[in-house]
Each structure stands twice: as C-alpha cells, then as structure tokens.
Amino acid sequence: MIPLEANFPTDFAARYREQGYWRGETFPALLRERAERFGSRTAVVGGDQRWTYADLLEKAEVAACGFLKLGLQPGDRVVVQLPNIPEFFSVVFGLFIARLVPVYALPAHRQTEILHFLQKSEAAAYVTAASHDGFDYRDVARSIKLERPELECVIIVGEAQEFISFGSFERDQHIAFEPADPSSVAFLQISGGSTGLSKLIPRTHDDYIYSFRASAEICQLTEESVYLVALPAAHNFPMSSPGYLGVFYAGGTVVLAPSPSPETVFPLVEREKVTITGLVPPLALLWLQAAPSSKHDLSSLQVLQVGGAKFMPESAKRVRPTLGCTLQQVFGMAEGLVNYTRLDDPEDIIVETQGRPISPDDEILIVDDQGNPVAEGEAGNLLTRGPYTIRNYHNDPGANSRSFTQDGFYKTGDIVKRTPEGYLVVQGRATDHINRAGEKISADEVEDHLLAHPNVFDAAVVSIPDPFLGERICAFVIPQGEKPKGPALKAFMRSRKVADFKVPDQIVFVDAFELTAVGKVSRKELRARLRAQFLGDEELKA
Ligand code: OOB
C-alpha cells in the first residue's frame, strides 16, 4: 500500500510548531476533550435526532469498535459517502478513533467516481447510506462489488440488505484505542480536479485542526453558535471554514439540513435559531430571493458566509439589507489556503473582495505566466504555501509536478489581484475547469466521457457564464456517422454512472474544430478559441 505522506519539510514543520499553529492536537483527542467539557450540550441536530457531545463520543467509539472488529487495520483507507445525517459524524469520528483514514466522497458521486476513489486510495472499505433523496446507494455498492469483489467491507447506514449494517456495530471493552500521531495524515479530501479525475488531498491532524481552530476564532464562534450545514458535509467549506469542525471546537451546535433549499432550511433556521451558515453563490441568490416573502423568522442569523465561487458585488451588497446579517466572503480550496473577509471589515471590503488569508504564515505569491511576481495590484496567478496547505497529492507524481513549484508553493490555478490592504479579489482562473455552482468539473473528464460515444468524433468542453450557476458546462461536439441528439448524449453520460453535475448543460454540434497551420492545437487553446468564437451567439446566451 502506498504510504500516506504530507511532506512538510522539517524546517517548516518546526516553525509551524514554534509559532503555535501545530499544537499536537488530534481528532480523537479533540472529541474526548470536548465531550468532557461540553458533555450535556447539544452537538448535533439532524432529522429527528439530537445528540449531545457525550452522545457523539459514545457513538463514535462504538463505530470505532465496529470498524476494528471487521479486521480493518490502522492506516487503512475507507471511502465515506454519506448525506447530511448525524451518522456522518459517528462514522468519521469512529474512523479517526480507530486510526482509519476517511476518503470523502460527495453524495452526488456515482459508481465511476467511487471506483476511482477506491482504487486511487487503495481503500479497504466503503461506507454509504441505504438511500437518500430518492437514490439507492446500495445499487452503487452492488455494481462496485461486481468490479471489485475483493472489497469485503461495504457498510451501510440504514437498511443494509446483503451488506454490513452500521447499526449492528457494538462496543467491545477489549478493544483499546491507540493515540493518533498528530503529524500523520488524518483523511483524504478530494480535489475539484482541473485535469482528469479528482486527485486525493492528504490532510494531517496538525494542519487541519489549525485551519478550523483559527477559522473559529476569525468567525467568532462560541458555545452559543449554531451552524447550519446546508452544503454537503463532505465538502471542505462546511467542514472547516469554520464549518462544523470549527463549531465542535467552540462547543456550539451543528444543525444538518437534508437539502439547502429555502423551503427546507428556513424552518430549520427559525426552529434551531441558527446563527451562521455557509452557501455557494447560487444558493445565496435563492435565499435572497425567498427571504423577503418568507413567513419564517430568520433574525437569529448573524453571519452568512458565501464561497466556493465568485459572489458578485451586486449580489453581495444585498445580503445585509435583505437578511439583516453580516456577509462573509470565503475564498478557499480543499488543498489548503482559506481567505475570509473579517466580520468587522468595512462594507466595501466585504462586498468587493474575497478576503485575506487565515494565517500570518500563509505565503501568497501573485506571478505572471513566466513565474515572475506581477506589480502590486496587478492580476496574476496565485501561488501559496503555508501551515495548512498541502505539499503534494496522494499517489499522483504527474499532478504533483504540475501543481507545485520546486520550493513547494501550490499553484492554485486562480487569477487574483491583491488590494493595498492585503485582500484578494478573484478575477478568474488559468486552468480549464468549470465552476458550476461551486462544483469544480474537469473539462478533460467530461470530454473523455463524450468521446466514448460511437457517434462522437471529437469533443471540447468549456464553461459558459451563467447568471444563476455562475458557469455552466457547454460541450462542442463533432459528430461522426449518425448525428446523435443532445438529450441522447446526456443520457449516455448518465449511463456511464458519473455525478449528474458533470453532465453538460448544453451541447453544440459543430462540423470541425479550426486547427493551426501545423494542424495541431492544444486542448486549452481549442477551448479558449471555441469560447471566444461562440460566446456572442444567441444560442449560447440562452
Ligand atoms: C472550495 O474548495 P474547492 O476545493 O471545491 O475549490 C477551490 C476553488 C478555488 O481554487 C477557486 O477556483 C474557487 O474554488 N473558489 C472561489 C471562491 N471560493 C472558492 N472563487 C471565487 N470566489 C470564491 N469565494 O470551493 C472552498 C473550500 C473552503 C472554503 C470555501 C470554498
């Protein structure tokens, strides 16, 4: 099994410890400490369940016993695909206590992505829910078992049928839990993926706990904070910016929303007196639209965080007058760096910028395409290095050489400029992914699926500006043989069992792609040309 490595150079690691960023805390120790301190306070509300901090620890320990009794060994990777239900927490904290390593998949992922995560991480187990939102995840589990019969441990939260039932796990007094190493990799997060399939992001206890401890402070979380998880719990934003982990750190309450729509969420905000939540821009727009006519009392809300994609200033301006709370822009990435506008910043900074970094030791470089620093205030490529930004992807030498500089800076792929006050303003990005409502989709990956169709000669996938989604996916397709219909191509992509958010919103058939004199063109150049050529078209504006 390929070892999990974080690769922080020893001099940097020493400095991050000296500065007090890395304090040797671990997830299991943190949960125990919180359970002692806040035992009877409510930690989690979801569906008809309410768990105290003591309940959460108890359930996580039972889960840890169950995982270990299945024969899983410390260091084994476990792909976790769960919706926003309380068991999300007992599963992942159970894994941490057992020193197993969660690999976070999103509920929208399908067999193709799950198989990729299982393979890439060499996982020994897969944990999912019986069903959610009308989708039966046991069907995913079944087709995975056909492809990987050696995967013995498939654990289901809910009615397990032929699989292992999470509900059957029991405490075992004979199992002793060994302490985790704070510098070890605690879990693998998945990247949005600018090229091809998602990469795996190794995060350590030390670095990740620092990121949400500092975030909790920036967001002024206390025991009284009530955080609503509206986005999928497996995503880095609701997880740690400051997310539910920041709230657990502070002793507050986490409320899980089964869906982020105003109809579902507004009653929850009122009932649980939610004080803070994090949304992607399209959801924030929906909330802004629905709030004025809502009969629900949203006055408990103090902070609305928006991030994952650019929140335009015209929309940002409307948050305070419409919802009566402070907007906080969050510009972060699963690879590390997170920027926040501060709660007491002047309104123009909150509206116009995407914030400044968490840490005084977050190094920010803004460079031109040759790697030279741009003049202050000019736009350029954002590179970053710091106490919670990864130095490598797991098991991916190609991506590592593309995505990191020699001296360990992560190339974010974002184009930003910096204000004199040190705030970043996101201008766009250099890489070819599509940011569809905060979901990052690799153009390569979608093209590859389309090319598998017998009547597709070639395909180029680009992002098209969209007033609601921010960007939508447009595929230019050169047909061969019998020209396929757009809906049939979309259905074909779905039949390849990929997440629905990757299916193109729009398909435009073209006769040929224009080539250069030598007949060669990079895909990046081709996509740029297609966008430029067709962007004026009425058809694409629709
Ligand atoms: C968050 O994480 P990821 O890994 O899904 O995506 C990271 C990318 C960034 O590189 C940037 O391209 C884009 O998403 N992004 C934004 C943004 N926040 C993220 N672009 C413009 N404005 C923003 N506010 O999306 C994520 C992770 C932690 C906290 C918040 C978001």
Side-chain angles (χ1 to χ4, degrees), residues 104-106 108-109 188-195 198-201 203 208 211-212 214-216 218-219 227 229-246 276-284 304-313 315-316 319 327-341 349-358 362 364 379 381-384 388-390 393 399 403 410-417 423-442 463 465 469-471 499 501:
Y104 290 114
L106 296 171
H109 286 134
L188 294 167
Q189 186 59 276
I190 54 167
S191 76
S194 48
T195 51
S198 292
K199 300 173 284 275
L200 301 180
I201 297 172
R203 302 292 302 255
Y208 208 67
S211 80
F212 64 76
S215 296
I218 289 169
C219 301
Y227 179 90
V229 188
L231 297 171
H235 190 271
N236 199 60
F237 181 13
M239 188 177 291
S240 63
S241 305
Y244 48 81
L245 291 175
I276 173 170
T277 188
L279 301 178
V280 290
L283 284 173
L304 179 72
Q305 300 183 296
V306 181
K310 173 104 174 205
F311 197 37
M312 299 310 265
S315 311
V319 170
L327 167 67
Q328 180 175 51
Q329 296 220 34
V330 188
F331 164 40
M333 50 210 73
E335 284 82 356
L337 180 70
V338 182
N339 302 275
Y340 296 99
T341 56
I349 286 192
I350 292 179
V351 164
E352 307 276 345
T353 82
Q354 278 64 58
R356 62 182 164 87
I358 292 179
D362 279 322
I364 299 287
N381 301 289
L382 170 64
L383 311 183
T384 186
Y388 60 97
T389 294
I390 57 163
Y393 290 108
S403 305
Y410 168 58
K411 302 184 196 171
T412 66
D414 294 313
I415 312 280
V416 303
K417 59 185 191 187
Y423 285 72
L424 301 180
V425 180
V426 180
Q427 306 282 299
R429 63 168 177 277
T431 51
D432 271 349
H433 66 250
I434 296 131
N435 189 335
R436 186 184 189 276
E439 299 284 6
K440 318 307 179 308
I441 298 139
S442 144
S463 63
L469 297 168
E471 293 178 0
F501 61 75

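Every number for a ligand or one of its atoms is a count from 1 in the order of the listing. All values below come from the heavy atoms of this structure, side chains included, with hydrogens, waters and symmetry mates left out.
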Quiz item: Can you tell me the protein heavy atom closest to atom 24 (N) of ligand 1 and the distance?
Solution: V330 O, 2.8 Å
Quiz item: Is there a donor-acceptor pair closer than 3.5 Å between any side-chain N or O of N435 and the backbone N or O of G308?
Solution: yes
Quiz item: Is S315 reaching over with its side chain to a backbone N or O of F311, donor-acceptor style, under 3.5 angstrom?
Solution: no
Exercise. Considering the heavy atoms of S241, write down every atom of ligand 1 situated less than 4.0 Å from one of them.
Key: 28 (C), 29 (C)
Quiz item: Taking heavy atoms and a distance under 4.0 Å, where does R429 meet ligand 1: side chain, backbone, both or neither?
Solution: neither
Practice problem: Can you pull out the closest protein heavy atom to atom 1 (C) of ligand 1? Residue, atom name and distance to 0.1 Å, please. | Solution: G332 O, 3.4 Å
Self-check item: Heavy-atom donor-acceptor pair, Q427 side chain to I415 backbone, under 3.5 Å
Solution: no
Quiz item: How about Y388 and D362: does a side-chain donor come under 3.5 Å of a side-chain acceptor?
Solution: yes
Quiz item: Checking side-chain contact (heavy atoms from CB on, under 4.5 Å) against F331, which of V338, T341, T353, L382 comes through?
Solution: L382
Practice problem: Among all protein heavy atoms, pick the one closest to atom 12 (O) of ligand 1 and tell me residue, atom and distance. | Solution: D414 OD1, 2.5 Å
Exercise. List the closest protein heavy-atom neighbour of atom 14 (O) of ligand 1: residue, atom name, distance to the nearest 0.1 Å.
Key: K440 CE, 2.8 Å
Exercise. For Q354 and V426, indicate whether the former's side chain and the latter's backbone hold a donor-acceptor pair under 3.5 Å.
Key: yes
Exercise. Would you confirm whether Q329, through its side chain, and A316, through its main-chain N or O, come within 3.5 Å as a donor-acceptor pair?
Key: no
Self-check item: Pick from G308, A430, S240: the one approaching atom 18 (N) of ligand 1 most closely through a non-hydrogen atom
Solution: G308
Quiz item: Tell me: protein heavy atom nearest atom 21 (C) of ligand 1, and distance?
Solution: K310 N, 3.2 Å
Self-check item: Sub-4.0 Å heavy-atom approach of H235 to ligand 1
Solution: yes
Practice problem: Distance to 0.1 Å, residue and atom name: give those for the protein heavy atom nearest to atom 4 (O) of ligand 1. | Solution: A334 N, 3.0 Å
Quiz item: Is there any N or O on E335 that sits under 3.5 Å from an N or O of ligand 1?
Solution: no
Practice problem: Say whether, by atom type as modelled, one donor and one acceptor occur between the side chain of R436 and the main chain of S463 under 3.5 angstrom. | Solution: no
Practice problem: Please report the shortest heavy-atom distance between P313 and E352, naming the atom on each side. | Solution: CG-OE1, 4.0 Å
Exercise. Would you mind running through ligand 1 and noting each atom that sits below 4.0 Å from a heavy atom of N236?
Key: 27 (C), 28 (C)
Exercise. For atom 23 (C) of ligand 1, find the nearest protein heavy atom and state the residue, atom name and distance (0.1 Å precision).
Key: A309 O, 3.4 Å
Practice problem: Report, in ascending order of atom number, the atoms of ligand 1 lying under 4.0 Å from any heavy atom of Q354. | Solution: 22 (N), 24 (N)
